[in-house]
Amino acid sequence: MNQPVYMDHNATSPTRPQAVDAVVRAMEIGGNPSSVHSMGRKALRVLEDAREQVRMAVNAPKSAQVIFTSCGTEANSLALQGCGRGKMFAAATEHAAVLRARSDIQRISVDVNGLIDPFQLEEMLAGGGDDTVISVMMANNETGVLQQIEGIARIAHRYHALVHTDAVQALGKVDVDFTALGVDMMSLSAHKIGGPLGVGVLIATKDVKLTAGNPGGGQENGLRGGTQNVPGIAGFGVAAERAVAERADMARVKALRDQLETRILEIAPDATVIAAMADRLPNTSFISMPGVDAETQIMAFDLAGICVSAGSACASGKTKASAVLTAMGMAPDTAKSAVRVSLGLANSEDDIERYISAWTELYQRKGAARSAA
Ligand code: PLP
């Protein structure tokens with residue numbers, strides 16, 4: 001049996017060998033970074049080197065707070081629960097890691113491409129933003145659509161609101177520049193860039209006054225208690241450095257993605273490439289195959305040795321339409337039959353051919369079933 005074709009990099013990107021090496025080296029040190037003796041100091045050095053690598057990967061200022069957490073989800077929670085703002089606005093297409101961070105979220109609606117309307121944001125801020133935090137993701141995990149964070153931050157700051165961006169999906173795929181974006185806080189996650197699972201970071205300017213949800217023993221400058229996952233963090237640092245160094249190779253990935261979309265639309269003019277005309281991540285394609293629900297497609301692709309994901313969740317055996325696509329006003333049938341392909345640097349033309357051939361077979365089988373009915 002051939003190796004599976006992995007096209008699910010937005011779920012988790014396979015661990016980079018350099019990150020594995022860094023994890024192993026840090027595990028061999030074995031000290032606690034809070035200990036004052038030599039082994040503790042060695043572990044602390046690894047931790048601080050990784051902090052610098054992550055800070056530099058997104059061009060955050062030297063003065064920024066770089067707080068390691070257990071995942072991107074925890075980084076979002078720390079930002080949104082700990083920033084001291086009484087009101088929160090978030091784009092309707094945010095990941096659950098943002099939308100479930102607080103119970104008082106006011107959603108900013110999006111257009112058919114999933115982009116928030118700056119005029120609506122201004123209206124929401126009209127009463128003043130001094131007590132507000134706004135969270136808008138840099139890139140959507142399902143559609144890959146890129147929000148205009150720089151412009152959003154400019155508007156928000158005019159009203160003195162704080163701006164958080166979940167850049168978990170953006171790092172390594174597009175340029176992520178904390179300083180140029182003008183945000184106050186940014187969340188990242190190691191496993192989306194070929195680092196270990198279970199490590200995240202919140203980066204915040206020095207002016208953001210954060211309060212820990214989990215103060216514990218005062219680690220991470222009192223903002224995230226618990227002995228740091230030094231091996232995981234070491235892997236994160238190296239992965240962040242590599243992701244930025246190899247980002248230019250995303251041009252090749254984009255060419256593969258574009259080829260895949262063009263071919264599918266030639267085969268099936270009734271298929272929909274979601275937000276095809278929007279500015280998107282170079283690796284992501286969310287494609288709806290008319291009349292075949294996403295779960296069925298995922299299983300068929302899996303049998304053909306191809307790993308992809310649905311944007312939809314499966315509850316009690318019933319496929320639910322993707323909440324992101326529903327927020328974008330997509331028809332329920334289109335939303336229920338959309339499957340996400342997310343490529344990585346290791347994907348090849350052969351992988352694209354395998355995907356197209358499995359896709360075509362399924363599409364034709366469905367067509368034959370339709371004509372027989
Ligand atoms: N934010 C976005 C946009 C994501 O895609 C994900 C993961 O799917 C997360 C946050 C959560 O990251 P983690 O898995 O590290 O908690």
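Just so you know, these numbers use all the heavy atoms, side chains as well, and skip hydrogens, waters and symmetry mates. We count ligands from 1, going down the list as the structure has it; atoms in each ligand are counted the same way. Along the sequence shown, the residues carry numbers beginning at 1.
- Using a cut-off of 4.0 Å between Lys/Arg side-chain N and Asp/Glu carboxylate O, E28 and R25 are scored as not salt-bridged.
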Start with the C-alpha gap between N59 and D177, add the side-chain angles, then the distance that decides, and say whether side-chain hydrogen bond (donor to acceptor under 3.5 Å, both in side chains) holds. CA-CA 5 Å; N59 191 33; D177 187 323; 3.0 Å; yes
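- Only side-chain heavy atoms of V168 come within less than 4.0 Å of ligand 1; its backbone N, CA, C and O stay farther off.
- Residues D350 and R354 are not paired through a salt bridge, judged by the lack of any N-O separation under 4.0 Å between the basic side chain and the carboxylate.
- By the 3.5 Å distance cut-off applied to N or O atoms, D166 is counted among the residues near ligand 1.
- Atoms of ligand 1 found under 4.0 Å from any heavy atom of M137 (numbered from 1 in listed order, with element): 3 (C).
- The protein heavy atom nearest to atom 7 (C) of ligand 1 is K192 NZ, 2.8 Å.
- Within a 6.0 Å radius of CD in Q148, no more than 12 heavy atoms belonging to other residues, nucleotides or ligands are found.
- Under a 4.0 Å N-O distance rule, the pair R107/E94 does not qualify as a salt bridge.
- When atom types are taken as modelled, the side chain of T284 and the backbone of G144 share no donor-acceptor pair closer than 3.5 angstrom.
- Between E94 and ligand 1 there is no heavy-atom distance shorter than 4.0 Å.
- Heavy-atom contacts of H191 reach the following atoms of ligand 1: 13 (P), 14 (O), 15 (O) (cutoff under 4.0 Å).
- Using a distance-only test at 3.5 Å, with no hydrogens or angles considered, no donor-acceptor pair links the side chain of S189 to the main chain of K192.
- Of all protein heavy atoms, the one lying nearest to atom 5 (O) of ligand 1 is Q169 NE2, 2.8 Å.
- At under 3.5 Å, not a single nitrogen or oxygen of N10, backbone or side chain, sits near a nitrogen or oxygen of ligand 1.
- Between A97 and ligand 1, not a single N/O pair is under 3.5 Å apart.
- Counting only heavy atoms of the protein, atom 11 (C) of ligand 1 lies nearest to T73 OG1, 3.4 Å.
- Heavy atoms from other residues, nucleotides or ligands lying under 6.0 Å from CZ of R252 number more than 12.
- Residue-level proximity to ligand 1 for E74 is absent, since no heavy atom of it falls below 4.0 angstrom.
- Counting only N and O atoms by type, the side chains of S187 and D166 include no donor and acceptor under 3.5 Å apart.
- Residue, atom and distance of the protein heavy atom nearest to atom 6 (C) of ligand 1 are H95 NE2, 3.4 Å.
- Residue N141 has no N or O atom closer than 3.5 Å to an N or O atom of ligand 1.
- Selection from G200, G72, C71, A167 by nearest heavy atom to atom 12 (O) of ligand 1 gives G72.
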